[in-house]
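Order of the sequence lines fixes the chain letters, A, B, ..., with proteins taken first and strands second; residue numbering starts at 1 for each chain. Reckoned from all heavy atoms, side chains included, excluding hydrogens, waters and symmetry mates.
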Number of protein chains: 2
Amino acid sequence: MRQQPEGTPTRRTTLADVAAAAGVSRALASIVMRGAEGAGEATRLRVLEVARELGYRPDSRARLLRSSRTRLLGVTFTLSEPFHGEVVESIYAAAEADGFDVVLSAVGARRPESRAVESLLDAGIEAALMIAPSSAPDLLAAYARQVPVISLLSTTSAEGVDVVRSDDGAGVRAAVEHLVSLGHRNVVHIDGAGAVAADERSAAYRAAMQEYGLSANIRVLHGGAHEEDGLRAAGELVAGSIPDAVVAFNDRCALGVLEAVRRAGLNVPEDLSVTGYDDSQLSRLSHVQLTSVSQDAPRLAAAAVACAAARLASQEPKDLVHQPQLVVRETTGPAPARV
Amino acid sequence: MRQQPEGTPTRRTTLADVAAAAGVSRALASIVMRGAEGAGEATRLRVLEVARELGYRPDSRARLLRSSRTRLLGVTFTLSEPFHGEVVESIYAAAEADGFDVVLSAVGARRPESRAVESLLDAGIEAALMIAPSSAPDLLAAYARQVPVISLLSTTSAEGVDVVRSDDGAGVRAAVEHLVSLGHRNVVHIDGAGAVAADERSAAYRAAMQEYGLSANIRVLHGGAHEEDGLRAAGELVAGSIPDAVVAFNDRCALGVLEAVRRAGLNVPEDLSVTGYDDSQLSRLSHVQLTSVSQDAPRLAAAAVACAAARLASQEPKDLVHQPQLVVRETTGPAPARV
DNA sequence: CCCGTCTACTAGATCGTTCTAGTGCTAGTC
DNA sequence: GACTAGCACTAGAACGATCTAGTAGACGGG
């Protein structure tokens, strides 16, 4: 750390500065800095020492511009979805392990997914990981023509797009199975109402119910991906005849359901069991303890990164389906003894 | 959209391609693309048309490398903090309005703030907005020597660092005032336990209590920034003598408090009033309706971006303190008539 | 002693932009 | 008619790294 003379607009030290100070060429300094082979041991140490001394940090813009391999992974995610955050955090870890850098691009109310992806493409990413992409298939395919695209958490695929997701069907089935094994027969589903993966989950609910001979009890309510949606849907539900159990579209929706149930003066799980989906931080909170289907964010993230790496090694796109696991906590219990 | 011949490794169209196709120099094409003046109307239209036709998108790496003004704002935030997400979303909007681009860098369990900031610096940002920075002051000062640094939501400042925050003292005072005006006298504070801004808030609580002649009732419990912390602290609280009201460190903490209170069989606000801090999405959920102190994320974000712009126009660093506003919802009410 | 090979290193091109310093042309002024 | 001003445009350097194609010198074998 050297004090800069006041007022001087502190030019950043470049590789050329390091090279000059160490008495070598820029090329050799570059070799040393990126740990490539072809430098003598003595010089290597000297260059590193000089670099450290001058506080040199490579300029990523220049590096990315020139190098063929940027080793940059782009990630799109939605800021307002806590579970996306969990996945992103895991992607950071997985990417680092594989020697990739991560660049984020958020999707929000004012920032459509298209903008998020395009800014990533302009930044020179090698592959894009899109968390729960909402773009139309032909748009996804267009992106995939430029870089490998991996769609996470969503089944919506497109030409040339890899998909890494958990088997939502199996997840919902596991939830239904768990409830049935506890003696529940009147199991209601509050769906995702057009959210990513909503259709697959409600289809799996129907199939599972049928499988257990409960076709007559199939009932799907219009829900959504957020607390409000679960609250509203469950509000309508408890106003009528109370079911044994509710399979909610996701954790946030389940939280709304829990609230509505509680308001109606019912106890969980004594009067009614509730399951969520995602096994998010939310569900693990000690006062929630929601039984939920775990998508295992770290594993999913690792798979996605591995998938990107595979595609970059020019392998064919693939569908990677991961088996989710039901995490039983305290919102599910034996079916109430009703008439 | 032109179909690429299969197998060709699709080289991206560059400005040179556009220039050649339009029959002008690269420099002129550049002028047109970035909307600078100095191009004839006819040529401008022709170049734009050709660019559109070829699907040209400027390469941000090259653009950033070369241009003196990158107009890039770096933002560090914590993935697991929903309120940070709200601020980030607002920053996107504010930055866009001011002609800035935003690049995100997340802080997480595996990714310390130092790494987050450094990657931003390497990316060529013009200024860094750090949401609730946790780095040591001398580290912050070191960053500030390289680019203007704006610290958001936190009072922890350092040499040359701008601070944009809301007046936490005033916020807590408003909460206490509100409670006192409702007749509460036994007002307890559950603090942030070392979290960013925790000390200032608890000091303001003490001051406000004293101001209202309630020094004897001052009571501060060790809390924290998350639901678990509020739950634990309030759990201890309700095990003893129940106060009239609780001022929680933030919304997430307040949520835990609400849960503990509910578990103890008490009603909010009939038996006990609770206030939060942040006015986050959480507090606005229809089943929560938490009375909370609003930091007004959009305004804070706009102020931070404006502050960055001012610093880039070489103005002195400043402290921008924004007045927070108490949003009264349904977790506060008249004091219970106790003995 | 010559030749080939290996290691350590270098010069210069290159990535795709923006920026600087012009060039030519037309038109207006005295 | 010379001079200036302004407009539309261009050539080429620059940004800071990486990459390609080489060179100088040491070493070993025949």
- Task: Could you run through nucleotides 19-26 of chain C and give me one letter per nucleotide, 5' to 3': B if any protein heavy atom sits under 4.0 Å from the base, S if only the sugar-phosphate is that close, - if neither?
- Result: B-------

- side-chain contact (heavy atoms from CB on, under 4.5 Å) assessment of A:Val102 paired with A:Ile91: CA-CA 8 Å; A:Val102 170; A:Ile91 288 177; 4.3 Å; yes

- Please state how far atom CD1 in A:Ile31 lies from atom P in C:dT7, giving the value in whole angstrom units. 14 Å

- Query: Closer than 4.0 Å, any side-chain N/O of B:Thr14 to the OP1 or OP2 of C:dG16?
  - Reply: no

- Message: Nearest 0.5 angstrom please: A:Tyr92 OH to A:Leu104 CG, how far?
- Response: 3.5 Å

- Within 6.0 Å of CZ in B:Arg299, more than 12 heavy atoms from elsewhere: no

- Item | Nearest-Å distance for atom pair CG/C1', residues B:Asp59 and C:dT14 | 14 Å

- Query: For residues A:Arg115 and A:Ser119, is any side-chain donor paired with an opposing acceptor at under 3.5 Å?
  - Reply: no

- Angle of first-five versus last-five pair axes in the helix from C:dC1-D:dG30 to C:dC30-D:dG1, to 10 degrees: 60°

- Message: Reading DNA chain D from 5' onward, which residue's closest nucleotide shows up sooner: B:Leu65 or B:Gly38?
- Response: B:Gly38

- Item | DNA chain D: 5'-most and 3'-most nucleotides touching chain B, 4.0 angstrom heavy-atom criterion | D:dA8 to D:dG16

- Task: State whether B:Arg52 and B:Glu49 are salt-bridged, where the test is any N-O pair (Lys NZ or Arg NE/NH1/NH2 against Asp/Glu carboxylate O) under 4.0 Å.
- Result: yes

- Message: Would you say CD of A:Glu159 has more than 12 non-hydrogen atoms from neighbouring residues, nucleotides or ligands within 6.0 angstrom?
- Response: no

- Task: For B:Lys318 and B:Asp162, run side-chain contact (heavy atoms from CB on, under 4.5 Å): C-alpha distance rounded to whole Å, both residues' side-chain angles, the deciding distance at 0.1 Å, then the answer.
- Result: CA-CA 5 Å; B:Lys318 57 189 162 194; B:Asp162 294 68; 3.9 Å; yes

- Message: Distance check needed: C:dC15 C1' versus B:Leu15 CG, whole Å only.
- Response: 13 Å

- Query: Can B:Asp122 and A:Arg12 be said to form a salt bridge (Lys or Arg N to Asp or Glu O under 4.0 Å), step by step?
  - Reply: CA-CA 10 Å; B:Asp122 296 346; A:Arg12 211 178 149 130; 2.8 Å; yes

- Query: What does B:Thr43 touch in the nucleic acid at a heavy-atom separation under 4.0 angstrom: a base, only the sugar-phosphate, or nothing?
  - Reply: sugar-phosphate

- Item | Any donor-acceptor N/O pair, A:Glu86 side chain to A:Gln281 backbone, under 3.5 Å | yes

- Message: Quick check on B:Arg110: does its CZ atom have over 12 non-hydrogen neighbours (other residues, nucleotides or ligands) under 6.0 Å away?
- Response: no

- A:Thr76 (side chain) donor-acceptor with A:Ala116 (main chain) under 3.5 angstrom: no

